[in-house]
Amino acid sequence: GAVVSQHPSWVICKSGTSVKIECRSLDFQATTMFWYRQFPKQSLMLMATSNEGSKATYEQGVEKDKFLINHASLTLSTLTVTSAHPEDSSFYICSAYPRQGIQPQHFGDGTRLSIL
Amino acid sequence: GENVEQHPSTLSVQEGDSAVIKCTYSDSASNYFPWYKQELGKRPQLIIDIRSNVGEKKDQRIAVTLNKTAKHFSLHITETQPEDSAVYFCAANRDDKIIFGKGTRLHILP
């Protein structure tokens, strides 16, 4: 149980394209989800906290107009990378709590984004 | 905010020997410390975690120790095996968020 599903798992697109990544909690409701970014051979960096029914909270240095987050339901958060450029190429991973606020979080399988 | 430091960045040990990875954290309010194993291109996998009300936890070949006073915590892997080769991340919570260390690439030598 407590599965977090992420889609797509891999996407390649041209520079200037906007890309949407979905994060779904399959068998539980998640009022809060988290988005991370991981560059090659680096750690996971928290980008933002996605809050159901309200605005996302972004970490320092993360552009909210660049990385649009929508959490319209208790089982779905989306991250849209707007006007993506090669430097946005990375591994994006979401996570959520099967039980609100109680560790551990469960991670999605990640989305590898490559911008040409 | 929370800052998690992890050492070493790379570690090579002979198969069968023990491996130790050390982390420090900065926020005294942190009370949850997970350790993750990540293989190339995959999600981080929780291997063990410890909460601030205990000083040590063990699960078969894996153990974690926590020193709240010094804000140190460590991962110990005994009798290492080839399948232990991976990148390991320590982490600490900042409220309901998880902040990761920079990772340790563990190589198990035959």
Side-chain angles (χ1 to χ4, degrees), chain A residues 2-11 21 23-24 26 30-52 56-62 89-114, chain B residues 1-11 21 23-25 27 29-54 57 59 62 64 66 73 86-107:
Chain A
V3 176
V4 176
S5 174
Q6 208 170 322
H7 179 81
S9 56
W10 184 43
V11 58
I21 302 169
C23 179
R24 295 182 185 272
L26 295 187
T31 56
T32 304
M33 292 183 175
F34 303 92
W35 286 97
Y36 293 84
R37 178 171 55 183
Q38 185 177 31
F39 292 111
K41 297 187 178 181
Q42 294 189 24
S43 185
L44 287 82
M45 297 300 295
L46 180 64
M47 298 176 67
T49 302
S50 174
N51 304 299
E52 188 270 335
T57 306
Y58 290 83
E59 295 297 303
Q60 191 172 8
V62 179
S89 298
S90 189
F91 192 49
Y92 292 85
I93 309 176
C94 67
S95 69
Y97 288 102
R99 292 190 295 165
Q100 182 61 26
I102 299 177
Q103 304 284 3
Q105 296 179 18
H106 286 232
F107 286 86
D109 280 332
T111 297
R112 183 155 306 281
L113 174 62
S114 296
Chain B
E2 178 65 279
N3 184 42
V4 180
E5 298 286 340
Q6 182 170 350
H7 300 280
S9 56
T10 306
L11 178 61
I21 303 171
C23 290
T24 62
Y25 62 100
D27 189 348
S30 294
N31 57 10
Y32 176 70
F33 307 92
W35 285 87
Y36 293 91
K37 177 183 180 182
Q38 188 180 32
E39 296 177 355
L40 190 63
K42 296 190 176 181
R43 75 171 83 180
Q45 176 189 0
L46 179 69
I47 55 172
I48 195 167
D49 56 12
I50 190 167
R51 300 176 194 275
S52 59
N53 58 344
V54 296
K57 183 177 179 180
D59 182 4
I62 295 173
V64 59
L66 171 65
F73 58 116
V87 179
Y88 290 81
F89 294 98
C90 64
N93 71 311
R94 188 188 82 207
D95 299 322
D96 60 347
K97 303 172 181 59
I98 295 295
I99 306 301
F100 287 80
K102 292 192 183 303
T104 297
R105 184 169 297 276
L106 177 62
H107 300 275

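These numbers come from a predicted model, not from an experiment. Order of the sequence lines sets the chain letters (A, B, ...), proteins ahead of strands, with each chain counted from 1.
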- Greatest number of non-hydrogen atom pairs under 4.5 angstrom with chain B, of A:Gln42, A:Gln105, A:Gln60, A:Arg112, falls to A:Gln105
- Among B:Lys42, B:Lys102, B:Lys97, B:Gln45, the residue with the most heavy-atom pairs under 4.5 Å to chain A is B:Lys97
- Query: Pick from B:Ile99, B:Asp49, B:Leu46, B:Ile98: which one has the most heavy-atom pairs with chain A under 4.5 Å?
  - Reply: B:Ile98
- Item | NE2 (A:His7) with more than 12 external heavy atoms under 6.0 Å | no
- Return the minimal non-hydrogen interatomic distance between B:Phe33 and B:Ser30, and the atom names on each side. CZ-O, 3.6 Å
- Does a side-chain N-to-carboxylate-O contact under 4.0 Å join A:Glu59 and B:Arg94? yes
- Region of A:Thr32 that comes under 4.5 Å of a non-hydrogen atom in chain B: side chain
- Query: Of the backbone (N, CA, C, O) and the side chain (C-beta and beyond), which part of A:Gln6 lies under 4.5 Å from a heavy atom of chain B, both, or neither?
  - Reply: neither
- Query: Can you say whether A:Phe34 sits under 4.5 Å from chain B via the side chain, the backbone, both, or neither, judging by heavy atoms?
  - Reply: side chain
- Item | Interface moiety of A:Leu46 toward chain B, non-hydrogen atoms closer than 4.5 Å | side chain
- Note on the structure: Closest heavy-atom pair, B:Glu5 versus B:Cys90, reported as atoms and distance to 0.1 Å, is O-SG, 4.4 Å
- Item | Partner chain A: residue of B:Arg51, B:Arg105, B:Arg43 with the largest heavy-atom pair count (under 4.5 Å) | B:Arg43
- Query: Tell me, side chain or backbone of A:Gln103 under 4.5 Å from chain B's heavy atoms, or both, or neither?
  - Reply: both
- Item | Under 3.5 Å: donor-acceptor pair, side chain of B:Asn93, backbone of B:Asn31 | yes
- Task: Please state whether the rings of B:Phe100 and B:Phe89 are parallel, tilted or perpendicular, taking 30° and 60° as the class boundaries.
- Result: perpendicular
- Note on the structure: Turns out that what part of B:Gln6 lies under 4.5 Å from chain A's heavy atoms comes down to neither
- Message: Testing B:Ile48, B:Ile47, B:Val64 one by one against B:Asp59 for a side-chain contact (heavy atoms from CB on, under 4.5 Å), which residue passes?
- Response: B:Ile48
